[in-house]
Amino acid sequence: MSEALGAGAGSPSDPTYGGPHDPEHDPRASYALEPQYVARLTDRVLATTGTTNPVFSPLDGAPLANIPQSSAADVEEAFRRARAAQAAWARVSLEERARILHRVHDLVLDRQAEIMDLIQLESGKARKHAFDEPMHVALTARYYARTAHQHLAPARVPGVVPGLTQVEINRVPKGVVGIIAPWNYPFTMALCDGLPALLAGNAVVSKPDAQTMLSALLAAQLLEEAGVPRDLWQVVAGPGRVLGSEIIGRADYICFTGSTATGKVIARQAAERLIGCSLELGGKNPILVLRDADIERAAEGAVRASFSNAGQLCVSTERMFVADQVYDRFVERFVARTKAMSLGATLGWDADMGTLISADQLETVSAHVEDAVAKGARVLAGGNARPDLAPYFFEPTILEGVTPEMTCFGHETFGPVVSLYRFHDEADAIARANDGEYGLNAAIYTRDTRRGRALARQVKCGTVNINEAFGATFASLAAPMGGMRESGMGRRQGAEGIHRYTEPQSVGVQRLLRFGPVLGMSDQAYAKVMNASLRLMDKLGRA
């Protein structure tokens, strides 16, 4: 990413120009990205307001860009362009659309260093967690490219009269899909929902989060380079409270990833228009460490589950229920591994955990930990903000003795904080894991995987991993992913992840026999014939 990194501010006419001007004394004085590089990305935003929103890196506060802001009229224009492009795109062969997705796969792998740099500059995550994003997008693009016909080709189903009734199911694109994407995985979430929408013949209007626009804009640029018509993927920028309703009011389907409170608002607005939506929302994800668990493996998984992307991962763990028989040994290993983590806010591979993204996230995490400690919780590791590392850095934190009156007991922290609880009876552990209204992801550690799968069926979560934190389900693209209860509705990945963007259309062809009396037969006689036919078909084992 040499052309993008290491820049100073441009001229006053440059859209990225502005900010402090004394690099010797102020790290925010120089742009972390070349203004020309940023200008090529921000040119993709459909915005005519003349206003911009400044974005700074959580790594060190350095300015990244001024993002042009869109208006309601811009959203309307984005949908107009997208609809025009979609009409042509729907006529492109499925084979060609699949080839384009395969080119996305190759481009993402070829450009992964540039992608990771931009992700880190915008989000502050460690590089190994930034790597997860191009990897997941490549997996998504390849999976849907290679299974396009499996999911979308017309399918023949049995007709009511064998040999005389032929029925075919078509998958008709919805039209224009609205995607409101979050900041925590800005490249992944910019594309993983949209790629199957494109393959199914839809257009997309995307509103990425204001904090991570550049990663999403790079994603849009790579789509065009792969062969996606520019107008087919529109990007608008602005606050959700301003643009969200405008998008929902025009889209044929909505994808949203974010808070449960906002998801409920979107669901109500979508219901008013009778359009579908898929919502991945909050979570308070549990891990169960059973008495026969491999302790070292469970401790390693717990670190990844709790502290990947500084805990800012929808499927990350915030509650751990550990069997009495192994509790002390597990805690010893988990704490030791956590304290041994390398912390840093750099673009290198040496950090095990990066920073939180914003002052708001730091405030929430700090408040949850302070509240817990004030009410009697014990800090086994971490517990402190680390402004010496980055403005919003918070240490990976393990709490013990968390009780229901503490905020972090039932509320999502969305940061590097996990609470430990003992259990003796597995049925009690399952009940405690199911406590609350969330149900996104869970994990179970046990050497008896058959028993683990049986217990998984009792856990009210959309995904459950055995002897793995979240990767077994998250990285298996054929497996649907989403939440139960207040963790959301709908699924991404697998057949569900692409069929949500289509309307199933049944086309029936009837030969020779019509459905009604023939040759002067009375209605009563026709009914007797049909009754006899039904009994015969049942004896023949026909569905």
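Treat the numbers as computed from the prediction; the structure is a model and nothing was measured.
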* Asked: Are the aromatic ring centres of Tyr501 and His151 under 6.0 angstrom apart?
  -> no
* Phe187 and His136 aromatic centres sub-6.0 Å -> no
Roughly how far apart are [X] [atom1] and [Y] [atom2], rounded to 0.5 Å?
| X | Y | atom1 | atom2 | value |
| --- | --- | --- | --- | --- |
| Ser70 | Asn53 | OG | CG | 11.0 Å |
| Trp233 | Leu198 | CH2 | CG | 5.5 Å |
| Thr188 | Leu313 | OG1 | CG | 10.0 Å |
| Ile266 | Leu279 | CD1 | CG | 6.5 Å |
| Ile180 | Asp193 | CD1 | CG | 11.5 Å |
| Glu76 | Leu46 | CD | CG | 11.5 Å |

* Asked: Passes side-chain contact (heavy atoms from CB on, under 4.5 Å), Ile115 versus Leu218? Steps please.
  -> CA-CA 8 Å; Ile115 294 165; Leu218 176 57; 3.9 Å; yes
* Can Glu272 and Arg268 be said to form a salt bridge (Lys or Arg N to Asp or Glu O under 4.0 Å), step by step? -> CA-CA 6 Å; Glu272 288 175 0; Arg268 285 194 294 269; over 6 Å; no
* Asked: Going through the distances and angles, do Ile247 and Lys207 end up as a side-chain contact (heavy atoms from CB on, under 4.5 Å)?
  -> CA-CA 9 Å; Ile247 293 171; Lys207 193 202 84 62; 3.6 Å; yes
Main chain of [Y], side chain of [X]: is a donor-acceptor contact present, judged purely on distance under 3.5 Å?
| X | Y | value |
| --- | --- | --- |
| Asp209 | Gln211 | yes |
| Thr147 | Gln150 | no |
| Thr346 | Gly348 | yes |
| Arg97 | Leu199 | yes |
| Thr262 | Ser259 | no |
| Glu468 | Phe470 | yes |
| Ser487 | Gly439 | yes |
| Asn285 | Cys314 | yes |
| Asn202 | Gly175 | yes |
| Asp60 | Ala390 | no |

Looking at [Y] and [X], is there a salt bridge between them, counting it only when a charged N and a carboxylate O are closer than 4.0 Å?
| X | Y | answer |
| --- | --- | --- |
| Arg103 | Glu225 | no |
| Asp252 | Arg273 | no |
| Glu300 | Arg304 | yes |
| Asp117 | Arg127 | yes |
| Arg81 | Glu77 | yes |
| Glu246 | Arg250 | yes |

* In sequence, state the C-alpha distance, the side-chain angles, and the governing distance for Asp132 and Lys125, and then conclude on salt bridge (Lys or Arg N to Asp or Glu O under 4.0 Å). => CA-CA 11 Å; Asp132 292 343; Lys125 66 179 65 178; over 6 Å; no
Using a distance-only test with no angle check, is there a side-chain donor-acceptor pair under 3.5 angstrom linking [X] and [Y]?
| X | Y | answer |
| --- | --- | --- |
| Thr48 | Asp74 | yes |
| Glu95 | His149 | yes |
| Ser57 | Glu122 | no |
| Arg44 | Gln221 | no |
| Tyr144 | Gln493 | no |
| Ser342 | Asp350 | no |

Validation row: [X], [Y] side chains within 4.5 angstrom (heavy atoms):
| X | Y | value |
| --- | --- | --- |
| Val104 | Leu223 | yes |
| Trp183 | Ile357 | yes |
| Met213 | Val45 | yes |
| Phe393 | Pro387 | no |
| Leu214 | Val55 | no |
| Thr355 | Pro58 | yes |
| Phe474 | Thr463 | no |
| Leu356 | Val365 | yes |

* **Counterpart residues, salt bridge (charged side-chain N to carboxylate O under 4.0 Å, His left out), relative to Arg142 (two or more places apart)** => none
* To do: With sequence neighbours excluded, tell me which residues meet salt bridge (charged side-chain N to carboxylate O under 4.0 Å, His left out) with Asp43.
  => Arg230
* Residues Leu64, Leu121; criterion side-chain contact (heavy atoms from CB on, under 4.5 Å); working and verdict -> CA-CA 8 Å; Leu64 297 176; Leu121 287 169; 4.1 Å; yes
* Just grab all the side chain to side chain donor-acceptor pair (under 3.5 Å) pairs involving residues 306-318, residues at least two apart or on different chains. => Lys284-Glu318
* Partner of Pro134 by side chain to side chain contact (heavy atoms under 4.5 Å, CB included), out of Leu191, Leu109, Ile119, Leu139 -> Ile119
* Structure fact -> Exactly one of Thr502, Val177, Ile498 clears side chain to side chain contact (heavy atoms under 4.5 Å, CB included) with Pro196, and that residue is Ile498
* Could you walk me through whether Thr257 and Arg492 pass side chain to side chain donor-acceptor pair (under 3.5 Å), step by step? => CA-CA 11 Å; Thr257 304; Arg492 63 168 55 98; 3.0 Å; yes
* Step by step, would you call Tyr253 with Ser278 a side-chain contact (heavy atoms from CB on, under 4.5 Å)? -> CA-CA 8 Å; Tyr253 190 90; Ser278 52; 3.3 Å; yes
* To do: Report, as yes or no, whether the 6.0 Å neighbourhood of atom CD on Glu363 holds more than 12 heavy atoms from other residues, nucleotides or ligands.
  => no
* Should we count NE2 of His411 as having more than 12 external heavy atoms under 6.0 Å? -> no
* Asked: Between Thr51 and Gln69, does a side chain to side chain donor-acceptor pair (under 3.5 Å) hold up when you go through it step by step?
  -> CA-CA 6 Å; Thr51 62; Gln69 299 296 284; 6.0 Å; no
